[in-house]
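Here's the structure we're looking at; comments come further down.
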Amino acid sequence: MKRIYLDHNATTPVHPDVLKAMLPYYKEEFGNASSLHSLGRKARQALESARAQVACLIAPCEPADIVFTSCGTESDNFALKGAAYALGDKGRHIITTQIEHLAVLNACQFLEKNGYELTYVPVDEYGIVDVKTLEKAIRKDTILISAMFANNETGTIQPVEEIARLARERGILFHTDAVQAAGKIPVRAEEIGVDMMSLSAHKIYGPKGIGALYVNKRARVAPYMHGGHHEKNRRAGTENVAGIVGFGKACELARANMEKESTRLTVLRDRLWEGINKGLKDVKMNGHPVKRLPNTLNVSFKYVEGESILLNLDLKGIAASSGSACTSGSLEPSHVLKAMGVEASVAQGSVRFSLGSGNEASDIDRAIKEIPPIIKKLRDMSPLYDAGKYNLRG
Ligand code: PLP
């Protein structure tokens with residue numbers, strides 16, 4: 001049975017060309033990029049060309065504005081805490097949104113416990129940030145706005161240009177978490193006018209454990225990691241040269257394939273939704289119908305629990321992900337769907353399908369065939385399900 005992987009927003013397989021580019025830096029080219037000898041200089045060269053490749057993915061962007069980190073989570077923490085520390089004398093108010101990744105939300109909670117005031121801006125039913133409310137939330141002491149580029153659960157794309165313009169007009173720093181967007185849709189750092197942007201390699205067929213923060217020269221950000229003089233004193237720690245080389249290659253490939261791949265995945269994503277919607281009653285698509293990542297589909301299957309669906313899909317060789325997080329044994333509905341006003345009982349039954357390079361039409365058709373009987377079986381066992389009232393379509 002062929003495994004069908006529909007969980008690319010969680011992580012992606014490393015592209016063979018990425019692995020090939022990385023291997024020499026674990027073997028013969030193992031130098032430390034800070035060493036002065038030829039091995040070190042070779043590592044430095046590799047690191048700088050990877051920096052240019054990453055910058056190219058979010059062009060226009062100066063390679064010097066790219067700081068390598070260990071992951072998207074670190075980039076988010078760096079941006080939020082770095083800006084908070086650097087600008088704490090100017091003000092202590094930060095604005096973010098209710099639908100951010102936990103890397104942002106939990107960093108914000110940490111700052112809240114350490115003397116900063118946070119405003120969490122709501123979203124509409126499609127998961128789009130309410131810019132008017134955001135504007136009203138701005139205060140004299142607001143130092144930073146952080147709003148994600150595209151949501152990891154629903155794929156909904158945010159009005160980042162509008163928010164960036166607003167932040168610029170008010171002289172406030174703007175950070176965007178573009179971990180899910182970069183490499184899937186065009187992301188142009190300088191054109192949008194963001195000050196900081198988080199990126200991660202493993203969402204775009206690069207290795208895990210490597211990320212970057214774009215930091216515009218205008219941005220006053222304190223270092224988050226202290227130690228040696230790496231990354232021009234912006235992020236201490238011996239650079240993960242092989243990981244960085246892999247990240248660079250992944251960015252180059254993502255840029256080259258983006259247009260074709262996003263068209264292909266949009267067709268497959270819509271085919272999946274149409275198939276599910278045709279085969280089943282009481283299903284709901286979560287997220288914006290159009291302003292959405294080409295690979296992401298979030299569906300609520302009413303009267304069932306997401307985790308049960310996932311386990312049953314897994315038995316059929318299909319990997320997807322739940323829209324809800326499992327916290328210490330109790331099933332908590334997704335904070336993203338909750339912010340969108342999706343009822344808790346409906347949010348519990350949501351599944352995120354995120355497509356990627358290995359998926360073909362035949363995979364989607366198999367998923368469309370496997371899903372309805374699973375849902376029917378689970379509904380038949382569900383106390384929420386009124387037998388005979390709700391059923392399969394057709
Ligand atoms: N931000 C978003 C939107 C994400 O989807 C993720 C990962 O799922 C992260 C940040 C964290 O990235 P990483 O896994 O590289 O730490």
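Because only heavy atoms are used, hydrogens play no part in the values below, and waters and symmetry mates are left out as well, while side chains stay in. First listed ligand is number 1; within each ligand, the first listed atom is number 1.
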Quick one: look up the protein heavy atom nearest [atom] and list residue, atom name and how far away it is.
atom: atom 8 (O) of ligand 1; result: Lys203 NZ, 2.6 Å
atom: atom 15 (O) of ligand 1; result: Ser200 OG, 2.7 Å
atom: atom 16 (O) of ligand 1; result: Thr73 OG1, 2.6 Å

- Under 4.0 Å from a heavy atom of Gly72: give me the atoms of ligand 1 that qualify, with their elements. 12 (O), 13 (P), 15 (O), 16 (O)
- Query: Got Asn151 and Val336 here, is their nearest side-chain heavy-atom distance under 4.5 Å?
  - Reply: yes
Mind checking whether [X] contacts ligand 1 via backbone (N, CA, C, O), side chain (CB onward), both or neither, at a 4.0 Å heavy-atom cut-off?
X: Asp177; answer: side chain
X: Asp76; answer: side chain
X: Glu74; answer: neither

- Item | Selection from Met148, His202, His101, Gln180 by shortest heavy-atom distance to atom 14 (O) of ligand 1 | His202
- Apply ring-ring contact (aromatic ring centres under 6.0 Å, His included) to the pair His15 and Tyr205, showing each step before the final yes or no. CA-CA 5 Å; His15 191 288; Tyr205 311 96; 7.2 Å; no
- Does Ile58 share a hydrophobic cluster with Met258, counting links as ILVMFWY side-chain heavy atoms below 4.5 Å and allowing steps through other members? yes
- For Asn9, is at least one N or O under 3.5 Å away from an N or O on ligand 1? no
- Residue that, paired with Arg352, satisfies side chain to side chain contact (heavy atoms under 4.5 Å, CB included) out of Thr154, Leu6, Asp7, Leu297: Asp7
- Whether Ser200 side chain and Lys203 backbone form a donor-acceptor pair below 3.5 Å: no
- Tell me, please, which residues at least two apart from Tyr5 pass ring pair (Phe, Tyr, Trp, His ring centres under 6.0 Å). His8
- Could you pull out all residues at least two apart from Ser357 that satisfy side chain to side chain donor-acceptor pair (under 3.5 Å)? none
